[in-house]
2 protein chains.
Amino acid sequence: MLQTGSGATTREAIHSAATRLFRARGYSRTTVRQIAAAADTDPALVIRHFRSKELLFLETMHLTIDDEPLLDVPLERLGERLAGLLVELGGSARGVFLALVHGSNEPHIHERLRDTHERLFVAPLRRRLSCPDADVRARMAAALAGGLLYALWVAGDEGLLRMDRTELVSRYGALLQEVLTPRTS
Amino acid sequence: MLQTGSGATTREAIHSAATRLFRARGYSRTTVRQIAAAADTDPALVIRHFRSKELLFLETMHLTIDDEPLLDVPLERLGERLAGLLVELGGSARGVFLALVHGSNEPHIHERLRDTHERLFVAPLRRRLSCPDADVRARMAAALAGGLLYALWVAGDEGLLRMDRTELVSRYGALLQEVLTPRTS
DNA sequence: GACCGGGCGTCAACATTGTTGACCGAACTT
DNA sequence: AAGTTCGGTCAACAATGTTGACGCCCGGTC
């Protein structure tokens with residue numbers, strides 16, 4: 001009957017509090033009671049609205065990039081464009097990505113991360129390629145993309161973090177370009 | 001005074017049980033009581049020998065590769081050699097790597113992962129290069145290496161997993177080679 | 001109007017987690 | 001022989017995710 005009483009609003013309060021906390025502190029370091037307190041409600045209600053902490057996590061942690069800017073650039077600049085997107089990605093996307101990676105010990109979260117990798121990197125890149133080995137190229141480029149995020153955020157390579165952004169974009173972009181449209185020399 | 005009574009043996013039993021369980025199930029899904037049961041002892045003793053679950057994890061989860069085979073290959077084959085090492089790495093190294101990545105929500109484990117990345121990938125590669133930008137090249141190659149492990153194990157890209165090993169080594173190796181010793185064309 | 005059925009909220013409890021302290025036995029030191 | 005220290009056992013603690021019992025209040029039905 002979906003009566004839109006105060007139920008929906010507290011549900012949204014829980015949702016937004018969970019989003020913020022999961023992004024900031026990850027899955028295991030965020031407790032249901034913290035979420036309840038931030039949403040000014042009861043821990044039991046958090047579970048009653050979303051059926052478990054893990055389902056709440058899955059419902060809040062969606063990693064999306066507008067992949068339109070990926071598509072509207074000429075093919076020979078795709079590598080640099082993707083590299084630029086990756087290094088500028090920071091902020092909220094960083095939190096979601098790290099939460100997914102850290103939480104992917106849990107099978108459902110791992111599945112979510114795999115979907116995200118496929119949908120965010122592999123599929124858009126493959127769509128831009130027409131050669132017979134487009135799938136392999138897209139997957140290798142996706143591995144490179146994930147590798148950059150891994151090195152910067154997961155491993156925390158301070159050498160790369162301190163590096164000049166435009167140089168990093170240029171060099172890593174050239175590498176991505178080499179996977180996507182190799183020089184046949 | 002180091003009396004080698006039954007103290008050291010149970011400590012080793014705990015150590016080996018923890019190693020096995022952490023590798024198989026990761027940090028958060030392994031409980032101190034499971035470790036104690038597998039070592040046939042008491043949970044309290046696990047904590048008394050290693051001061052906390054996290055310290056026990058750090059003492060057991062060391063990721064090492066004999067980097068000698070990395071060094072004894074001519075520079076122009078280094079890329080393919082590294083790629084070969086990475087895809088054949090499986091087994092126990094996979095468990096340790098995943099445990100570190102998943103657990104790196106915890107600051108100390110994150111620090112361990114950063115050290116491992118530096119010691120396992122960045123440093124050996126930089127040692128082989130002599131150009132002025134050796135550091136940047138080594139770090140980018142390390143990002144590629146981590147990206148391959150990330151794509152295969154963390155994200156679980158089934159397309160790459162199903163791919164022919166020798167082709168994957170050859171193609172990803174060429175890419176690594178491009179970072180290490182770029183064709184100046 | 002009386003009734004009551006179900007969504008919303010509150011509270012107390014449960015099992016499990018990591019961790020600590022109290023107690024005990026045995027072995028080594030003096 | 002006395003004492004100190006290490007190794008082990010047991011019970012407890014606070015915090016975690018989760019569940020069930022109870023109360024409230026609004027919307028529809030006799």
Side-chain angles (χ1 to χ4, degrees), chain A residues 1-22 24-61 99 102-109, chain B residues 1-22 24-61 99 102-110 112:
Chain A
M1 211 35 74
L2 262 183
Q3 68 182 27
T4 95
S6 83
T9 78
T10 62
R11 184 188 165 96
E12 287 177 16
I14 293 173
H15 186 100
S16 95
T19 303
R20 181 164 40 88
L21 287 173
F22 279 142
R25 310 180 42 85
Y27 181 69
S28 64
R29 292 167 60 93
T30 307
T31 101
V32 172
R33 285 171 169 84
Q34 283 171 13
I35 297 172
D40 199 42
T41 174
D42 195 90
L45 265 187
V46 175
I47 299 296
R48 274 246 289 246
H49 275 296
F50 311 83
R51 313 195 4 203
S52 72
K53 179 188 175 184
E54 191 181 1
L55 287 178
L56 172 56
F57 181 86
L58 289 174
E59 197 145 331
T60 49
M61 295 291 100
H102 291 150
S104 69
N105 203 15
E106 231 69 34
H108 291 117
I109 301 181
Chain B
M1 211 39 68
L2 262 184
Q3 71 182 23
T4 94
S6 80
T9 79
T10 62
R11 183 188 166 96
E12 288 177 15
I14 293 173
H15 186 100
S16 94
T19 304
R20 182 164 41 88
L21 287 173
F22 279 142
R25 310 180 41 85
Y27 180 70
S28 65
R29 293 167 60 93
T30 305
T31 107
V32 173
R33 285 170 170 85
Q34 283 171 13
I35 296 172
D40 199 42
T41 175
D42 195 271
L45 266 187
V46 175
I47 298 296
R48 274 245 290 243
H49 276 296
F50 312 83
R51 311 190 10 202
S52 72
K53 178 189 175 184
E54 191 181 2
L55 288 177
L56 172 56
F57 181 86
L58 289 174
E59 196 144 330
T60 50
M61 296 290 101
H102 291 150
S104 69
N105 202 17
E106 230 68 33
H108 291 116
I109 301 182
H110 175 256
R112 164 67 54 86

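Only heavy atoms go into these numbers, but all of them, side chains included; no hydrogens, no water, no symmetry mates. In what follows, every chain begins at residue 1, and chains take the letters A, B, ... in the order their sequences are listed. Values in this document were obtained by computation on a predicted structure and should not be read as measured data.
- The list of salt bridge (Lys or Arg N to Asp or Glu O under 4.0 Å) pairs with a residue in residues 24-36 of chain A, not counting sequence neighbours, reads R29(A)-E106(B).
- Under the rule for a side chain to side chain donor-acceptor pair (under 3.5 Å), Q34(A) has no partner lying at least two apart in sequence or in another chain.
- The interatomic distance linking R25(B) (CZ) with dT17(C) (P) rounds to 10 Å, in whole Å.
- Sorted by first then second residue, the salt bridge (Lys or Arg N to Asp or Glu O under 4.0 Å) pairs that include residues 41-52 of chain A, not counting sequence neighbours, number zero.
- As judged by a 4.0 angstrom heavy-atom cut-off over every strand, S28(B) is placed among residues making no nucleic acid contact.
- Distance L45(B) CG to dG7(D) P: 9 Å, rounded to the nearest Å.
- Evaluation of the side-chain contact (heavy atoms from CB on, under 4.5 Å) rule for A99(B) yields F57(B), M61(B) as partners, not counting sequence neighbours.
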Measure all distances between protein nitrogen or oxygen atoms and nitrogen or oxygen atoms of nucleotides 18-25 of chain D, and list the pairs falling under 3.5 Å.
from, atom 1, to, atom 2, distance (Å)
dT18(D), OP2, K53(A), N, 2.8

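- Checking the phosphate oxygens (OP1, OP2) of dG8(D), a side-chain nitrogen or oxygen of H49(B) falls inside 4.0 Å.
- K53(B) forms no cation-pi arrangement with F22(B), by the criterion of a distance under 6.0 Å to the ring centre and an angle within 45° of the ring axis.
- Put simply, T41(B) has no side-chain N or O that comes within less than 4.0 Å of OP1 or OP2 on dG8(D).
- Residues forming a side chain to side chain donor-acceptor pair (under 3.5 Å) with S104(A) (at least two apart in sequence, or on another chain): H102(B).
- For I35(B) and dT17(C), the CD1 to C1' distance is 12 Å, given to the nearest whole Å.
- Contact between the side-chain N/O atoms of T31(A) and the OP1/OP2 oxygens of dG17(D) is found at a separation under 4.0 Å.
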